[in-house]
Amino acid sequence: AQPLTAAANYVEATSKMLCKLPAAEARDARKALGFAGSAGGRPSDILKRLRGFVSKRPVAAQTEDLPAIIADAGVLMLPQAQSEGVEIDFRLDRHAKWVKADAVQVQQVLINLVRNAIEAMAGVEPRRIVISTAAVSPAAVEVAVADTGPGLDGQAGDPFAPFQSSKPDGMGVGLSISRTIVESHGGTIDVERPSDGGARFRFTLPRSVPPR
(Lines give C-alpha, C1' and ligand atoms only; values in the text may rest on other atoms or scores of the structure.)
Protein backbone atom coordinates (compact mmCIF):
# COMPACT_ATOMS: atom_id res chain seq x y z
CA ALA A 1 0.00 0.00 0.00
CA GLN A 2 2.96 2.36 0.58
CA PRO A 3 3.75 2.77 -3.16
CA LEU A 4 0.10 3.66 -3.79
CA THR A 5 0.24 6.29 -1.04
CA ALA A 6 3.41 7.75 -2.50
CA ALA A 7 1.86 7.87 -5.99
CA ALA A 8 -1.22 9.66 -4.61
CA ASN A 9 1.02 12.20 -2.89
CA TYR A 10 2.90 12.88 -6.13
CA VAL A 11 -0.38 13.35 -8.01
CA GLU A 12 -1.61 15.82 -5.41
CA ALA A 13 1.67 17.76 -5.41
CA THR A 14 1.71 17.97 -9.21
CA SER A 15 -1.89 19.19 -9.24
CA LYS A 16 -0.93 22.06 -6.90
CA MET A 17 1.98 22.98 -9.16
CA LEU A 18 -0.32 23.08 -12.19
CA CYS A 19 -2.64 25.49 -10.44
CA LYS A 20 0.03 28.17 -10.90
CA LEU A 21 -0.10 27.82 -14.70
CA PRO A 22 -2.64 29.48 -17.01
CA ALA A 23 -5.86 27.49 -17.17
CA ALA A 24 -5.71 26.92 -20.93
CA GLU A 25 -2.21 25.42 -20.75
CA ALA A 26 -2.81 23.19 -17.77
CA ARG A 27 -6.41 22.07 -18.40
CA ASP A 28 -5.61 18.73 -20.09
CA ALA A 29 -2.85 17.91 -17.61
CA ARG A 30 -5.15 18.55 -14.65
CA LYS A 31 -7.83 16.42 -16.25
CA ALA A 32 -5.38 13.53 -16.73
CA LEU A 33 -4.17 13.86 -13.14
CA GLY A 34 -7.77 13.73 -11.97
CA PHE A 35 -8.24 10.40 -13.72
CA ALA A 36 -4.94 9.16 -12.27
CA GLY A 37 -5.99 10.15 -8.77
CA SER A 38 -9.35 8.39 -9.11
CA ALA A 39 -7.74 5.25 -10.49
CA GLY A 40 -5.14 5.27 -7.74
CA GLY A 41 -7.83 4.84 -5.12
CA ARG A 42 -9.18 1.66 -6.67
CA PRO A 43 -6.16 -0.61 -5.90
CA SER A 44 -6.15 0.58 -2.29
CA ASP A 45 -9.86 -0.19 -1.96
CA ILE A 46 -9.34 -3.61 -3.56
CA LEU A 47 -6.44 -4.40 -1.20
CA LYS A 48 -8.50 -3.47 1.85
CA ARG A 49 -11.41 -5.65 0.74
CA LEU A 50 -9.14 -8.60 -0.11
CA ARG A 51 -7.38 -8.34 3.25
CA GLY A 52 -10.76 -8.53 4.95
CA PHE A 53 -11.73 -11.44 2.75
CA VAL A 54 -8.50 -13.36 3.45
CA SER A 55 -8.92 -12.83 7.18
CA LYS A 56 -12.36 -14.50 6.95
CA ARG A 57 -14.37 -11.44 7.80
CA PRO A 58 -18.00 -11.52 6.66
CA VAL A 59 -18.60 -10.44 3.08
CA ALA A 60 -19.90 -6.86 2.92
CA ALA A 61 -22.70 -7.90 0.59
CA GLN A 62 -25.52 -5.59 -0.35
CA THR A 63 -27.90 -5.16 -3.26
CA GLU A 64 -25.80 -4.22 -6.29
CA ASP A 65 -26.43 -3.49 -9.96
CA LEU A 66 -24.65 -6.36 -11.75
CA PRO A 67 -24.37 -4.61 -15.16
CA ALA A 68 -22.73 -1.65 -13.39
CA ILE A 69 -20.22 -3.96 -11.69
CA ILE A 70 -19.41 -5.53 -15.06
CA ALA A 71 -19.10 -2.12 -16.72
CA ASP A 72 -16.62 -0.92 -14.09
CA ALA A 73 -14.51 -4.05 -14.47
CA GLY A 74 -14.63 -3.68 -18.26
CA VAL A 75 -13.36 -0.10 -18.06
CA LEU A 76 -10.39 -1.22 -15.95
CA MET A 77 -9.49 -4.00 -18.41
CA LEU A 78 -10.15 -2.05 -21.62
CA PRO A 79 -6.61 -0.59 -21.98
CA GLN A 80 -5.00 -4.04 -21.81
CA ALA A 81 -7.59 -5.51 -24.18
CA GLN A 82 -7.04 -2.74 -26.72
CA SER A 83 -3.26 -3.04 -26.56
CA GLU A 84 -3.53 -6.79 -27.21
CA GLY A 85 -6.10 -6.43 -30.00
CA VAL A 86 -8.82 -8.18 -28.01
CA GLU A 87 -12.50 -7.41 -28.59
CA ILE A 88 -14.82 -7.60 -25.56
CA ASP A 89 -18.52 -8.24 -26.17
CA PHE A 90 -21.23 -7.91 -23.53
CA ARG A 91 -24.37 -10.03 -23.62
CA LEU A 92 -26.34 -9.15 -20.53
CA ASP A 93 -29.69 -10.59 -19.55
CA ARG A 94 -32.00 -7.79 -18.40
CA HIS A 95 -33.49 -10.18 -15.83
CA ALA A 96 -30.05 -10.74 -14.23
CA LYS A 97 -29.66 -7.23 -12.84
CA TRP A 98 -29.78 -7.17 -9.05
CA VAL A 99 -27.44 -9.32 -6.95
CA LYS A 100 -26.44 -9.59 -3.32
CA ALA A 101 -22.69 -9.04 -3.44
CA ASP A 102 -19.57 -7.11 -2.50
CA ALA A 103 -19.07 -5.11 -5.70
CA VAL A 104 -15.29 -4.70 -5.33
CA GLN A 105 -14.72 -8.40 -4.78
CA VAL A 106 -16.91 -9.38 -7.73
CA GLN A 107 -15.06 -6.88 -9.91
CA GLN A 108 -11.81 -8.57 -8.86
CA VAL A 109 -13.15 -11.95 -9.99
CA LEU A 110 -14.10 -10.48 -13.37
CA ILE A 111 -10.73 -8.76 -13.75
CA ASN A 112 -8.92 -12.02 -12.96
CA LEU A 113 -10.96 -13.94 -15.52
CA VAL A 114 -10.66 -11.31 -18.26
CA ARG A 115 -6.92 -10.89 -17.71
CA ASN A 116 -6.41 -14.65 -17.93
CA ALA A 117 -8.46 -14.77 -21.12
CA ILE A 118 -6.45 -11.95 -22.73
CA GLU A 119 -3.16 -13.64 -21.89
CA ALA A 120 -4.43 -17.03 -23.09
CA MET A 121 -5.23 -15.62 -26.53
CA ALA A 122 -1.72 -14.35 -27.28
CA GLY A 123 -0.90 -15.28 -30.87
CA VAL A 124 -4.44 -16.49 -31.57
CA GLU A 125 -6.93 -15.10 -34.09
CA PRO A 126 -9.63 -14.00 -33.64
CA ARG A 127 -9.22 -12.62 -30.14
CA ARG A 128 -12.61 -12.15 -28.57
CA ILE A 129 -14.02 -12.26 -25.05
CA VAL A 130 -17.73 -12.52 -24.36
CA ILE A 131 -19.00 -11.51 -20.92
CA SER A 132 -22.56 -12.70 -20.42
CA THR A 133 -25.14 -12.94 -17.67
CA ALA A 134 -28.21 -15.10 -17.22
CA ALA A 135 -30.93 -15.52 -14.62
CA VAL A 136 -30.49 -19.25 -14.04
CA SER A 137 -32.97 -19.62 -11.17
CA PRO A 138 -35.17 -17.54 -8.88
CA ALA A 139 -32.26 -17.48 -6.41
CA ALA A 140 -29.18 -17.09 -8.59
CA VAL A 141 -27.68 -15.38 -11.61
CA GLU A 142 -24.77 -16.65 -13.64
CA VAL A 143 -21.87 -14.62 -15.03
CA ALA A 144 -19.71 -16.15 -17.75
CA VAL A 145 -16.43 -15.10 -19.36
CA ALA A 146 -15.70 -16.96 -22.61
CA ASP A 147 -12.66 -16.58 -24.87
CA THR A 148 -11.43 -17.82 -28.24
CA GLY A 149 -8.08 -19.05 -26.94
CA PRO A 150 -6.58 -22.54 -27.00
CA GLY A 151 -8.67 -23.75 -24.07
CA LEU A 152 -7.52 -25.83 -21.11
CA ASP A 153 -7.12 -29.24 -22.75
CA GLY A 154 -3.37 -29.22 -22.21
CA GLN A 155 -3.61 -28.39 -18.51
CA ALA A 156 -3.81 -31.08 -15.88
CA GLY A 157 -5.37 -30.81 -12.45
CA ASP A 158 -7.73 -28.31 -10.93
CA PRO A 159 -7.30 -24.86 -12.55
CA PHE A 160 -8.66 -23.27 -9.36
CA ALA A 161 -6.05 -24.88 -7.09
CA PRO A 162 -3.69 -22.33 -5.51
CA PHE A 163 -0.15 -21.87 -6.86
CA GLN A 164 -0.89 -23.61 -10.14
CA SER A 165 -0.20 -21.61 -13.27
CA SER A 166 0.55 -22.34 -16.91
CA LYS A 167 2.34 -18.97 -17.18
CA PRO A 168 6.12 -18.94 -16.70
CA ASP A 169 5.91 -15.91 -14.39
CA GLY A 170 2.46 -16.59 -12.95
CA MET A 171 1.82 -17.05 -9.23
CA GLY A 172 -1.27 -19.19 -9.74
CA VAL A 173 -3.43 -17.41 -7.17
CA GLY A 174 -5.91 -15.47 -9.34
CA LEU A 175 -8.31 -18.33 -9.99
CA SER A 176 -7.93 -19.63 -6.43
CA ILE A 177 -8.84 -16.21 -5.01
CA SER A 178 -11.71 -15.96 -7.48
CA ARG A 179 -13.14 -19.28 -6.32
CA THR A 180 -12.88 -18.31 -2.65
CA ILE A 181 -14.59 -14.96 -3.31
CA VAL A 182 -17.42 -16.62 -5.23
CA GLU A 183 -17.89 -19.34 -2.60
CA SER A 184 -17.87 -16.73 0.19
CA HIS A 185 -20.89 -15.23 -1.61
CA GLY A 186 -22.62 -18.62 -1.55
CA GLY A 187 -22.00 -19.22 -5.26
CA THR A 188 -20.07 -21.70 -7.37
CA ILE A 189 -17.47 -21.30 -10.12
CA ASP A 190 -16.38 -23.74 -12.81
CA VAL A 191 -14.96 -23.88 -16.32
CA GLU A 192 -16.32 -25.36 -19.52
CA ARG A 193 -14.39 -26.48 -22.57
CA PRO A 194 -16.67 -25.64 -25.52
CA SER A 195 -16.55 -27.97 -28.51
CA ASP A 196 -15.59 -25.08 -30.80
CA GLY A 197 -12.55 -24.21 -28.66
CA GLY A 198 -11.62 -21.67 -26.07
CA ALA A 199 -12.58 -21.68 -22.42
CA ARG A 200 -15.72 -20.50 -20.65
CA PHE A 201 -15.52 -19.66 -16.96
CA ARG A 202 -18.81 -19.16 -15.19
CA PHE A 203 -19.82 -18.31 -11.65
CA THR A 204 -23.04 -17.69 -9.77
CA LEU A 205 -24.18 -14.97 -7.40
CA PRO A 206 -27.32 -14.75 -5.26
CA ARG A 207 -30.14 -12.70 -6.76
CA SER A 208 -31.58 -9.75 -4.91
CA VAL A 209 -34.76 -7.73 -5.14
CA PRO A 210 -34.61 -4.25 -6.70
CA PRO A 211 -33.86 -1.51 -4.16
CA ARG A 212 -36.67 0.84 -3.27
Side-chain angles (χ1 to χ4, degrees), residues 53 59 64 66-74 76-78 80-81 84-103 105-168 170-208:
F53 146 71
V59 174
E64 297 285 357
L66 181 58
I69 293 176
I70 294 172
D72 286 345
L76 293 174
M77 294 307 302
L78 187 59
Q80 182 182 359
E84 297 294 335
V86 175
E87 176 186 353
I88 301 181
D89 293 337
F90 298 90
R91 301 176 185 176
L92 308 183
D93 181 351
R94 64 185 181 89
H95 298 293
K97 181 172 177 63
W98 301 107
V99 294
K100 198 77 171 178
D102 182 314
Q105 289 190 4
V106 174
Q107 284 177 23
Q108 190 61 42
V109 173
L110 286 164
I111 289 170
N112 288 343
L113 295 180
V114 172
R115 181 183 293 115
N116 284 349
I118 291 174
E119 294 174 352
M121 290 186 291
V124 174
E125 293 293 343
R127 301 177 190 175
R128 181 180 301 108
I129 294 172
V130 176
I131 301 176
S132 60
T133 61
V136 293
S137 77
V141 301
E142 179 183 275
V143 183
V145 177
D147 64 59
T148 56
L152 302 175
D153 292 339
Q155 298 184 26
D158 179 7
F160 298 98
F163 308 112
Q164 287 200 72
S165 177
S166 59
K167 309 167 193 172
M171 294 180 62
V173 296
L175 289 179
S176 176
I177 288 176
S178 296
R179 176 168 65 182
T180 310
I181 290 174
V182 171
E183 290 180 348
S184 72
H185 282 74
T188 60
I189 185 170
D190 60 17
V191 59
E192 296 178 333
R193 296 164 171 81
S195 58
D196 56 350
R200 185 173 185 266
F201 286 85
R202 59 182 190 173
F203 64 92
T204 60
L205 294 170
R207 293 182 73 172
S208 183

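For reference, positions follow the sequence shown, starting with 1.
Qualifying side-chain contact (heavy atoms from CB on, under 4.5 Å) partners for Leu78, counting only residues two or more places apart in sequence or in other chains: Gln82. Listed by chain and residue number, nothing satisfies the side chain to side chain donor-acceptor pair (under 3.5 Å) test with Thr148 (two or more places apart in sequence, or in another chain). Remark: Arg207 engages no residue in a salt bridge (charged side-chain N to carboxylate O under 4.0 Å, His left out) (not counting sequence neighbours). In terms of the side chain to side chain donor-acceptor pair (under 3.5 Å) criterion, Glu142 has no residue partners (sequence neighbours excluded). Under the side-chain contact (heavy atoms from CB on, under 4.5 Å) criterion, Ala146 pairs with Arg200, not counting sequence neighbours. With sequence neighbours excluded, no residue forms a salt bridge (charged side-chain N to carboxylate O under 4.0 Å, His left out) with Asp196.
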- Message: Walk me through whether Ile189 and Leu175 qualify under side-chain contact (heavy atoms from CB on, under 4.5 Å).
- Response: CA-CA 10 Å; Ile189 185 170; Leu175 289 179; 5.7 Å; no
- Query: Taking it one step at a time, do His185 and Gln105 satisfy side-chain contact (heavy atoms from CB on, under 4.5 Å)?
  - Reply: CA-CA 10 Å; His185 282 74; Gln105 289 190 4; 3.5 Å; yes
- Message: I'd like to know whether Val145 forms a side-chain contact (heavy atoms from CB on, under 4.5 Å) with Leu110, so could you lay out the CA-CA distance, the side-chain angles of the two residues, the decisive distance to 0.1 Å, and finally the verdict.
- Response: CA-CA 8 Å; Val145 177; Leu110 286 164; 4.2 Å; yes
- Message: Run Phe203 and Val109 through side-chain contact (heavy atoms from CB on, under 4.5 Å) and show every step you take.
- Response: CA-CA 9 Å; Phe203 64 92; Val109 173; 3.7 Å; yes
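Val114 places a side-chain heavy atom less than 4.5 Å from the side chain of Ile131. Between Lys100 and Leu205, the closest side-chain pair of non-hydrogen atoms is not below 4.5 Å. Looking only at side-chain heavy atoms (C-beta outward), Val99 and Ser208 stay at 4.5 Å or farther from each other. Looking at Phe201 and Val143, their side chains never come closer than 4.5 Å, going by heavy atoms from C-beta outward. In this structure, the side chains of Ile111 and Met77 come closer than 4.5 Å at one or more pairs of heavy atoms.
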Expected list for residues 84-93: side-chain donor-acceptor pairs under 3.5 angstrom, two or more places apart:
| from | atom 1 | to | atom 2 | distance (Å) |
| --- | --- | --- | --- | --- |
| Asp93 | OD1 | His95 | N | 2.8 |
| Asp93 | OD2 | Ala135 | N | 3.2 |

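The existence of a salt bridge linking Arg128 and Asp147 is excluded, since no basic side-chain nitrogen approaches an acidic carboxylate oxygen closer than 4.0 Å.
Interatomic distance, Asn112 CG to Arg179 CZ, rounded to the nearest 0.5 Å: 13.5 Å. Interatomic distance, CD1 of Ile69 versus CD of Gln108, reported as 13.0 Å (0.5 Å rounding).
The nearest pair of heavy atoms linking Val191 to Ala199 is CG2-CB, 4.4 Å. The two atoms that bring Pro194 and Gly198 nearest to each other are CD-O, 3.5 Å, heavy atoms only. The shortest non-hydrogen separation linking Met121 to Arg127 is O-NE, 3.5 Å. Between Ala96 and Ala134, the closest heavy-atom pair is CB-C, 3.8 Å.
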